[in-house]
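Accompanying notes for the structure given below.
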Amino acid sequence: QVQLVESGGGLVQAGGSLRLSCAASARTFTTSAMGWFRQAPGTGRDFVAAVSWSGDSTDYADSVKGRFTISRDNAKNTVYLQMNSLKPEDTAIYYCASRTGPIVKITVESYDYWGQGTQVTVSS
């Protein structure tokens, strides 16, 4: 069983920055691709960013390219999402996810374990 715990969410003004962290419990972290997804009220869960097991390969949703950066520290079993130039439409609950495979994937169905989510609210 993999446990994922997100932190770093909060309230920020438009144009500001936040850094989300996701700490994983599993020893398999270093062989697992990791992803961030988000869900706004009344909508489905959408892909935001993903990183391969090594950190060498990443993918981003078009809406966040150039503003968000995903990274990981395998020594700390932690994945990060640096969010800059935040917009009100970035407001959502952000979820960290882990998959039992090393390759980047962008669909919800590709991920096996999920965190509880952290709220990000961007005011205009």
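Just so it is clear, the values below take in all heavy atoms, side chains as well, and ignore hydrogens, waters and symmetry mates.
Counting heavy atoms from C-beta on, the side chains of C96 and W36 come closer than 4.5 Å. Residues V104 and S52 form a side-chain contact, since some pair of their non-hydrogen atoms from C-beta on lies under 4.5 Å apart. Put simply, the side chain of L86 reaches to within 4.5 Å of the side chain of F68, judged on heavy atoms. Side-chain contact check for W53 versus S32: every heavy-atom pair is 4.5 Å or farther apart. Here the side chains of F47 and V108 are not in contact, with every heavy-atom distance at 4.5 Å or above.
Judged by distance alone, with hydrogens and angles left aside, the side-chain atoms of Y111 form a donor-acceptor pair with the main-chain N or O of K105 at under 3.5 Å. Under the 3.5 Å distance criterion, the side-chain polar atoms of Q39 are left unmatched by any main-chain donor or acceptor of A92. Side chain of N84 to main chain of T69: no donor-acceptor pair is present (N/O by atom type, distance under 3.5 Å, no hydrogens or angles). Between the side chain of Q82 and the backbone N or O of R19, no donor-acceptor pair lies under 3.5 Å. The closest donor-acceptor contact from the side chain of T58 to the backbone of V51 lies at 3.5 Å or more, if one exists at all.
With hydrophobic clusters built from ILVMFWY side chains whose heavy atoms lie under 4.5 angstrom apart, I70 does not share a cluster with F37. Transitive grouping of hydrophobic side chains (ILVMFWY, heavy atoms separated by less than 4.5 Å) brings F29 and Y113 into a common cluster. Hydrophobic cluster membership differs between V2 and Y80, with clusters built from Ile, Leu, Val, Met, Phe, Trp and Tyr side chains linked at under 4.5 angstrom. The cluster map of Ile, Leu, Val, Met, Phe, Trp and Tyr, joined by side-chain heavy atoms under 4.5 Å apart, puts V79 and V120 in the same cluster.
In this structure, L4 and C22 approach most closely via the heavy-atom pair CB-SG, 3.9 Å. Here the shortest heavy-atom pairing between S21 and T78 reads CB-CG2, 4.3 Å. Contact detail for Y95 and R45: the closest heavy-atom pair is CZ-NH2, 3.4 Å.
A cation-pi geometry, defined here as NZ or CZ lying under 6.0 Å from the six-membered ring centre and within 45° of its normal, does not hold between R67 and Y60.
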*V12 and M83: CA distance, side-chain angles, deciding distance, side-chain contact (heavy atoms from CB on, under 4.5 Å) verdict*: CA-CA 11 Å; V12 64; M83 305 186 295; over 6 Å; no
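Rounding to the nearest 0.5 Å gives a distance of 11.5 Å between CG of L81 and CE of M34. Here the CG atom belonging to D56 is positioned 10.5 Å from the CZ atom belonging to R72, to the nearest 0.5 angstrom. Summarising the geometry, atom CD belonging to Q3 is positioned 10.5 Å from atom CD belonging to Q116; distances are rounded to the nearest 0.5 Å. Within the model, atoms CG of D73 and OG1 of T30 stand 11.5 Å from one another, a figure rounded to the nearest 0.5 Å.
Remark: the Y94 side chain and the R38 side chain contain an N/O donor-acceptor pair separated by less than 3.5 Å.
The neighbour count for Q119 CD, taken as heavy atoms of other residues, nucleotides or ligands under 6.0 Å away, is above 12.
Using a cut-off of 4.0 Å between Lys/Arg side-chain N and Asp/Glu carboxylate O, D90 and K87 are scored as not salt-bridged.
No option in V64, I106, L20 other than V64 meets the side-chain contact (heavy atoms from CB on, under 4.5 Å) test with V48.
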